[in-house]
Amino acid sequence: MMQQQPSQPSDQTSHYQQQHQQWMAYQQQSSQQQQQPQTPVPPPAGWTPQPVPPPTQQTQPYGVAPDASSDGIRSLWIGDLQPWMGESYIARIFGRTGEFVSAKVIRNKQTNFSEGYGFIEFVSHAAAERVLQTFNGTQMPSTEQNFRLNWATYGAGERRRDDGPDFTIFVGGLAADVTDYMLQETFRAVYSSVKGAKVVTDRTTGRSKGYGFVRFGNESEQLRSMTEMNGVLCSTRRMRIGPAATKKPATGQQYQKGMPPNFSIFEKTIS
DNA sequence: ACTGAGCGC
């Protein structure tokens, strides 16, 4: 099996410099600082896929105790994680804030491979928000992709509860720098029922494909937004809004066991 | 880049 070399160490110096500037900017905001070991993050080059060792008791060398008086969600969702990015990678990055509590990468139960996303807990809602504002959309160390962060829907240990159906719109014409959070907040500023937003990206490069989706909890807001927000500026470009194609069929189970979920791909390929 | 697959055992 031949393996591609995604990035070369020779051009990583500038990445670290950029990242360093971001951290400096962060530390100016953050009142709390603590001593941090300067452990380099292992580069992805040469990484070979293998299941991580069996789950051991994860110690959190940089973690601090959560602030019990803080109300609101203290956890962030993080996406677009590469297979080699484990808890230690996340801890190394966010431990520098001095407000990091713990990290968890979600793994497949059978294979123990990363599912590509995880959760990061901070000492307080405010600390999590600072991280969201500071790191989101900036470059992840040792990669050419950007952090994909958002509020976790619920805190650790909480169960996802059914909060009703989603009413989704398609948003096209997005500038390359628009993040999920930016898109979400653009709409949330106007519509209270906005549940979330997702910018579609190329999974391997992490680059935006220039379109995304916004989910509403309220159908009338969804419909209103389609006319009211069409042509509105988000970052540097005007959004073009359309109805979202159905992501999931309205009827329950669509596929029989054993049939691949992307079965329809074959039909498209043939024609 | 114009219709995604992203919420924790």
Side-chain angles (χ1 to χ4, degrees), chain A residues 52 54-58 60 66 73-83 85-87 90 101-122 128 132 136 145-163 166-181 183-184 194-217 222 226 229-231 234-249 253-255 260-265 268:
Chain A
V52 297
T56 57
Q57 199 65 3
Q58 283 281 350
Q60 304 295 344
I73 294 286
R74 301 192 314 259
S75 299
L76 298 181
W77 182 92
I78 181 167
D80 286 357
L81 295 177
Q82 297 295 319
M85 296 174 176
E87 280 82 358
I90 297 173
V101 174
S102 65
K104 182 176 187 181
V105 171
I106 304 307
R107 295 190 169 84
N108 181 287
K109 282 194 199 69
Q110 276 77 43
T111 67
N112 215 29
F113 278 112
S114 168
E115 298 282 6
Y117 70 93
F119 298 90
I120 317 168
E121 191 184 350
F122 294 91
L132 186 55
N136 203 12
Q145 64 190 93
N146 293 336
F147 281 110
R148 180 166 235 177
L149 296 164
N150 210 330
W151 287 110
T153 309
Y154 300 104
E158 288 181 50
R159 271 274 168 180
R160 180 181 180 82
R161 63 163 186 263
D162 186 15
D163 56 349
D166 289 351
F167 301 94
T168 305
I169 60 168
F170 170 89
V171 184
L174 296 177
D177 68 315
V178 173
T179 63
D180 297 345
Y181 187 67
L183 183 61
Q184 171 185 303
V194 169
K195 287 184 179 179
K198 180 185 177 183
V199 174
V200 178
T201 57
D202 182 302
R203 185 58 200 263
T204 54
T205 66
R207 307 291 287 180
S208 167
K209 290 187 175 176
Y211 65 91
F213 300 88
V214 180
R215 293 180 296 114
F216 296 78
Q222 174 213 26
M226 291 182 65
M229 299 298 274
N230 195 39
C234 182
S235 182
T236 57
R237 289 196 190 172
R238 297 185 184 283
M239 299 182 286
R240 200 165 76 227
I241 298 179
T246 4
K247 180 176 168 185
K248 238 178 5 185
Q253 293 217 327
Q254 54 175 334
Y255 298 114
N262 58 346
F263 180 71
S264 59
I265 264 182
K268 287 177 186 168

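To find a chain, count down the sequence lines: A is the first, B the second, and so on, and within it residues start at 1.
Glycosidic conformation of B:dG4 is syn; the angle stays within 90° of 0.
Applying a 4.0 Å cut-off to non-hydrogen atoms, the residues of residues 201-210 of chain A that approach DNA chain B are A:R207, A:S208, A:K209, listed by residue number.
Taking all atoms of both residues into account, the shortest heavy-atom contact from A:L149 to A:N136 is N-OD1, 3.0 Å. Closest approach of A:R215 and A:D166 over heavy atoms only: NH1-OD2, 3.0 Å.
Nucleic acid contact for A:G196: none, since no nucleic acid atom lies under 4.0 Å from a heavy atom of the residue. Residue contacts shown for A:Y117 are limited to sugar-phosphate atoms, with no base heavy atom under 4.0 Å away.
If A:R240 and A:V199 are placed on DNA chain B by their nearest nucleotide, the residue sitting closer to the 5' end is A:R240.
The CD1-P distance, from A:I120 to B:dC7, rounds to 16 Å in whole Å. Here B:dG6 presents its P atom at 18 Å from OH of A:Y154, a figure rounded to the nearest Å. Computed from coordinates, the A:E115 CD to B:dG8 P distance equals 11 Å when rounded to whole Å. Rounded to whole angstrom, the span from the CD1 atom of A:I169 across to the P atom of B:dG4 amounts to 16 Å. With rounding to whole Å, A:L81 atom CG is found 16 Å from B:dA5 atom C1'. In this structure, A:Q184 places its CD atom 17 Å from P of B:dG6, rounding to the nearest Å. Atom C1' of nucleotide B:dG4 and atom CG of A:D166 are separated by 13 Å, given to the nearest angstrom. Spacing between atom CG of A:N230 and atom C1' of B:dC2 amounts to 13 Å, rounded to whole angstrom units.
For A:K198, whose side chain is taken as the heavy atoms from C-beta onward, the closest listed nucleotide among B:dC9, B:dC7, B:dA5 is B:dA5. For A:A245, whose side chain is taken as the heavy atoms from C-beta onward, the closest listed nucleotide among B:dC9, B:dT3, B:dG8 is B:dT3. Which of B:dT3, B:dG4, B:dC7 sits closest to the side chain of A:V200 comes down to B:dG4. Comparing B:dG4, B:dC7, B:dC9 against the side chain of A:K109 picks out B:dC9 as the nearest. Side-chain proximity of A:A152 to B:dC2, B:dC7, B:dT3: nearest is B:dC7.
Residue-nucleotide stacking is present for A:F170 and B:dT3, judged by a side-chain ring centre under 5.5 Å from the six-membered base ring centre and planes under 30° apart. Remark: ring of A:Y211 not stacked against base of B:dA1; the cut-offs of centroid gap under 5.5 Å and plane tilt under 30° are not jointly satisfied.
Distances shown here put a side-chain N or O of A:K104 below 4.0 Å from the OP1 or OP2 atom of B:dC9.
Ring-plane geometry between A:F170 and A:F213 is classed as perpendicular, the angle between the planes exceeding 60 degrees on a 0 to 90 degree scale with a lower cut at 30.
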List the steps and the verdict of side chain to side chain donor-acceptor pair (under 3.5 Å) for A:D80 and A:Q145. CA-CA 9 Å; A:D80 286 357; A:Q145 64 190 93; 4.7 Å; no

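Although no hydrogens or angles enter the test, the distance criterion places no donor-acceptor pair under 3.5 Å between the side chain of A:E121 and the main chain of A:S75. The backbone N or O of A:F122 lies less than 3.5 Å from a partner atom in the side chain of A:R74, making a donor-acceptor pair. With hydrogens and angles ignored, the 3.5 Å screen pairs no side-chain donor or acceptor of A:Q184 with any backbone N or O of A:V214.
Each of A:R148, A:K198, A:K195 was checked for a salt bridge (charged side-chain N to carboxylate O under 4.0 Å, His left out) with A:D180, and the lone residue meeting it is A:R148.
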